[in-house]
Amino acid sequence: MPDPLNKTAEALKALEIQLKEALDRQVATAKILDVVNSSIKDPQPVFNSIVEAGQTLFPKSTISIGLREGKKLILGAISGPEPAGVEAWRRRFPAPLHPETIHGHVILNGKAIDLPDVAAAQDQFRIGAGNFLASGARAVTMVPISQGGQTVGALAVLRHSIGKLQTEQFDILKTFAAQANIALDNLHLLNQMREANETLENVSKQLAKYMPPQLYRSIIAGNQQAAIESRRRKLTIFFSDIVDFSEITDQLEA
């Protein structure tokens with residue numbers, strides 16, 4: 001007959017593990033969000049923090065971010081338990097972005113993939129599966145990274161053991177990808193704002209050439225609206241004749 005005390009102890013231990021994993025996920029997510037908020041102009045620190053956090057949540061796995069650059073795939077960031085393995089994987093980039101590679105399938109289709117056994121998927125990914133197997137990766141999970149609604153990269157978890165990720169792990173991986181999306185979208189918006197400001201500045205400089213300085217400064221400062229309108233005013237018009245004015249103007253510059 002099972003000992004009720006042992007069953008209770010096992011249940012408590014399992015609960016402690018679950019709580020620790022949940023806490024680790026919250027801490028990792030919070031750290032990445034802090035980097036996102038402080039790195040508006042450069043997404044690289046965000047990529048680095050994502051792969052580093054992945055090392056905590058996906059032990060003994062290699063975490064990498066591949067980014068699309070034209071028809072090529074470049075390495076955005078990588079972290080793994082074995083420096084030699086990380087360096088070997090780094091040397092595989094840049095690589096062609098082909099639909100029959102795993103990266104190409106995820107990026108070109110914009111869909112996540114969870115391969116429990118890369119060897120069993122060699123027919124589907126005949127070009128890229130061999131690279132994963134040669135690097136010792138037997139299972140691969142990838143989720144797309146997007147910018148402005150377009151898939152521009154993939155976040156990957158490479159594992160030496162066969163099997164799919166747990167639902168909670170897959171969800172946290174999608175959360176990491178969403179944070180990378182935020183960083184890229186922030187950069188995209190920042191670039192758009194910079195371009196818009198440059199355009200407005202150029203237009204303002206051109207308009208300033210055709211307007212009185214006082215009127216231009218008043219409009220730019222927001223003290224006056226540049227509206228076309230008519231108003232009634234009492235005016236005094238003075239006509240004067242200057243002696244020899246025509247001869248004088250002939251001697252002056254325009």
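As a basis for the values below, the full set of heavy atoms in this structure was taken, side chains included, without hydrogen atoms, waters or symmetry mates. Numbers for residues simply follow the sequence, beginning at 1.
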message: Just to verify, what does Lys164 make a salt bridge (Lys or Arg N to Asp or Glu O under 4.0 Å) with, not counting sequence neighbours?
response: none
Set of salt bridge (Lys or Arg N to Asp or Glu O under 4.0 Å) partners for Glu201, sequence neighbours left out: Lys205
- prompt: So which residues get pulled into Phe125's cluster when ILVMFWY side chains under 4.5 Å apart are joined, directly or through others?
  reply: Leu73, Leu75, Ile78, Val86, Trp89, Phe93, Leu97, Ile102, Val106, Ile107, Leu108, Ile113, Leu115, Val118, Phe132, Leu133, Val140, Met142, Leu158
- prompt: Would a distance-only check, ignoring hydrogens and angles, find a side-chain to backbone donor-acceptor pair under 3.5 Å from Gln124 to Ala121?
  reply: no
statement: The reported gap from CD in Gln122 to CG in Asp117 (rounded to nearest 0.5 angstrom) is 8.5 Å
field: Residue among Leu173, Thr175, Asp114, Val157 satisfying side chain to side chain contact (heavy atoms under 4.5 Å, CB included) with Val143
entry: Leu173
message: Strictly by side chain to side chain donor-acceptor pair (under 3.5 Å), give each pair with a member in residues 59-83 just once, sequence neighbours left out.
response: none
field: Listed once per pair and sorted, the salt bridge (Lys or Arg N to Asp or Glu O under 4.0 Å) pairs that draw on residues 127-137, sequence neighbours left out
entry: none
statement: Interatomic distance, OG1@Thr101 vs NE2@His105, rounded to 0.5 Å, equals 10.0 Å
query: How close do Gly136 and His160 get, heavy atom to heavy atom, and via which atoms?
result: O-ND1, 2.7 Å
query: Can you name the salt bridge (Lys or Arg N to Asp or Glu O under 4.0 Å) partners of Asp185, sequence neighbours left out?
result: none
Euclidean distance, Leu165 CG relative to Ile172 CD1, rounded to 0.5 Å: 11.5 Å
message: Contact between Leu155 and Ile63 at the side-chain level, heavy atoms closer than 4.5 Å - yes or no?
response: yes
query: When Ile, Leu, Val, Met, Phe, Trp and Tyr are grouped by side-chain heavy atoms lying under 4.5 Å apart, directly or through other members, which residues fall in the same group as Ile237?
result: Phe239
- prompt: How close do Ala139 and Pro116 get, heavy atom to heavy atom, and via which atoms?
  reply: CB-O, 3.5 Å
statement: Between Pro144 and Gly110, the two heavy atoms sitting closest are CG-O, 3.6 Å
task: Not counting sequence neighbours, which residues clear side chain to side chain contact (heavy atoms under 4.5 Å, CB included) with Asn181? List them please.
output: Ile145, Ser146
query: Where is the tightest heavy-atom contact between Asn48 and Ala77, given as atom of each residue plus distance?
result: OD1-CB, 3.7 Å
field: Qualifying residues under salt bridge (Lys or Arg N to Asp or Glu O under 4.0 Å), relative to Arg126, sequence neighbours excluded
entry: Glu100
query: Say you draw a straight line from CD of Glu52 to OG1 of Thr56; how long is it, rounded to the nearest 0.5 Å?
result: 9.0 Å
Minimal non-hydrogen separation, Thr249 against Ser246, with atom names: OG1-O, 2.7 Å
message: If hydrophobic residues (ILVMFWY) are linked whenever their side-chain heavy atoms come closer than 4.5 Å, directly or via other members, who joins Val243 in its cluster?
response: none
query: If you link I, L, V, M, F, W and Y whenever their side-chain heavy atoms are under 4.5 Å apart, who else ends up in the same group as Met193?
result: none
message: Going by ring pair (Phe, Tyr, Trp, His ring centres under 6.0 Å), name the pairs with one or both residues in residues 42-83, residues two or more places apart or in two chains.
response: none
